[in-house]
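Not measured: the values here are computed from a predicted model.
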Number of protein chains: 2
Amino acid sequence: MTRANEAWESLMRAYAVLMKQFGAEDVWGDLTMREYDVLYTLSKCDGPLRMSELNRHVLLSQPALSRMVDRLVDRGLVDRCTDPGDRRGVRLSLTPAGRKTQQEIGRPHARSVTRALNVLTPQELEQLAVITRKLAGNEER
Amino acid sequence: MTRANEAWESLMRAYAVLMKQFGAEDVWGDLTMREYDVLYTLSKCDGPLRMSELNRHVLLSQPALSRMVDRLVDRGLVDRCTDPGDRRGVRLSLTPAGRKTQQEIGRPHARSVTRALNVLTPQELEQLAVITRKLAGNEER
DNA sequence: TTAAGGTAGATGCAAACGCATAGAACTTGA
DNA sequence: TCAAGTTCTATGCGTTTGCATCTACCTTAA
């Protein structure tokens, strides 16, 4: 077993453990973590996002994401409108209610994340950020 | 935004990117990645595993895992028998066919993992392993 | 201009998922 | 010893997922 494989296995395990831990916390209101992830991703981008862009960030198939966005639009959290420049496409953004919901959930969740990752030294945190950024392919933007 | 939150976001993103990349590869036969994950986890443990143990390693709810094991048993890849010491529980292990399947998929997948993580220096790989082990809580066993 | 090919997102459908809860087996304390 | 509480896995049920495919729109080149 190579170092690379050991590192990947360990990363997967850390991800699973932490996700379960976060998922078990009572901060999600009536959103699933996956739905929150979509709202969060939208909240980080100033301009509106394309479905395909969003899909790159979220671990969901394109059809599943399409329908999840449907539901979020129905619930008044996300705004979807046809891209005027390319009418196949779509421009997604948070509604004010969506932004509010994201923030209300995001605050306590961010505290949980901080708490969980503070088992690491500041130096390790920095190394982790550098390494994972490199792994994600460093897609500029 | 704290360092911890940045690191976590970056980790999530790396996980999503790599999982999509691996999932898109044509190495999974008629297993899903989640099913492979179960076979892989079983393959790493010498003795049989309890459902609850297995569930700690896999990002699935307990009922979903229970039914997935059902299917794997039906397909002849996993062996499930009541734990003689605690008859509520269950002992799970790979059948010979299950072990064979795991290895056949595992070989090419491991190569993909190695390729993907080799954008990191050996030192970074080592740091990543140390850090993620620490994050996973270092549950001894 | 228009036909051929490609890309973005939506939809039909069967399979899989999570939540709540049931059932069976252990444990504990009176 | 036995009732109450806990733990482990399974099951009912409505929702969500992925795969395959579809439609609509854009692009290219003849």
Legend entry - Rounded distance (Å) that lies between atom P of dC19(D) and atom CG of Leu65(A): 14 Å

Inset, instruction - Using atom CE of Met51(B) as one end and atom P of dT11(D) as the other, report the distance to the nearest whole Å. - result: 10 Å

Inset, instruction - Please state how far atom CE in Met33(B) lies from atom P in dG18(D), giving the value in whole angstrom units. - result: 10 Å

Inset, instruction - Scan Arg91(A) against the nucleic acid and name what it touches under 4.0 Å (heavy atoms): base, sugar-phosphate only, or nothing. - result: nothing

Legend entry - Euclidean distance, atom CD of residue Glu35(A) to atom C1' of dT15(D) [Å, nearest integer]: 11 Å

Inset, instruction - Considering just the side-chain nitrogens and oxygens of Ser52(A), establish if one lies under 4.0 Å of OP1 or OP2 belonging to dG9(C). - result: yes

Legend entry - Under 3.5 Å donor-acceptor pair, Gln62(B) side-chain atoms to dA10(D) base atoms: yes

Inset, instruction - Quickly work out the Leu60(B) CG to dA15(C) C1' distance and round it to whole Å. - result: 14 Å

Inset, instruction - For atom NZ of Lys100(B), decide whether the heavy atoms of other residues, nucleotides or ligands shown that lie under 6.0 angstrom number more than 12. - result: no

Inset, instruction - Look at the side-chain N and O atoms of Ser66(B) and state whether any lies under 4.0 Å from the OP1 or OP2 oxygen of dA10(D). - result: yes

Legend entry - Neighbour count >12 (heavy atoms, 6.0 Å) for atom CZ, Arg3(A): no

Inset, instruction - May I ask you to evaluate whether Arg71(B) reaches the phosphate of dC17(C), defined as a side-chain N or O under 4.0 Å from OP1 or OP2? - result: yes

Legend entry - Presence of Arg50(A) side-chain N/O under 4.0 Å of dA8(C) phosphate oxygens OP1/OP2: no

Legend entry - No-H, no-angle donor-acceptor pair, Arg67(A) side chain to dG12(C) base, under 3.5 Å: yes

Inset, instruction - Would you kindly compare Arg88(B) and Ser61(B) by the position of their nearest DNA chain C nucleotide and give the one closer to the 5′ end? - result: Ser61(B)

Inset, instruction - Starting at atom CG of Leu54(B), determine the distance to atom P of dA10(D), rounded to an integer number of angstrom. - result: 11 Å

Inset, instruction - Indicate whether the side chain of Gln102(B) and that of Tyr40(B) have a donor and an acceptor atom separated by less than 3.5 Å. - result: no

Inset, instruction - Assign the ring pair Tyr36(B) / His109(B) to parallel, tilted or perpendicular, where the plane angle (0 to 90°) is split at 30° and 60°. - result: perpendicular

Legend entry - Comparing Arg34(A) and Pro63(A) on DNA chain D - which has the more 5′ nearest nucleotide: Arg34(A)

Legend entry - Ala110(B) backbone acceptor or donor facing Thr114(B) side chain under 3.5 Å: yes

Inset, instruction - Take atom CG of Leu92(B) and atom P of dT9(D), then tell me their distance rounded to the nearest Å. - result: 8 Å

Inset, instruction - Round to a whole Å and report the spacing from CE of Met68(B) to C1' of dG18(C). - result: 13 Å

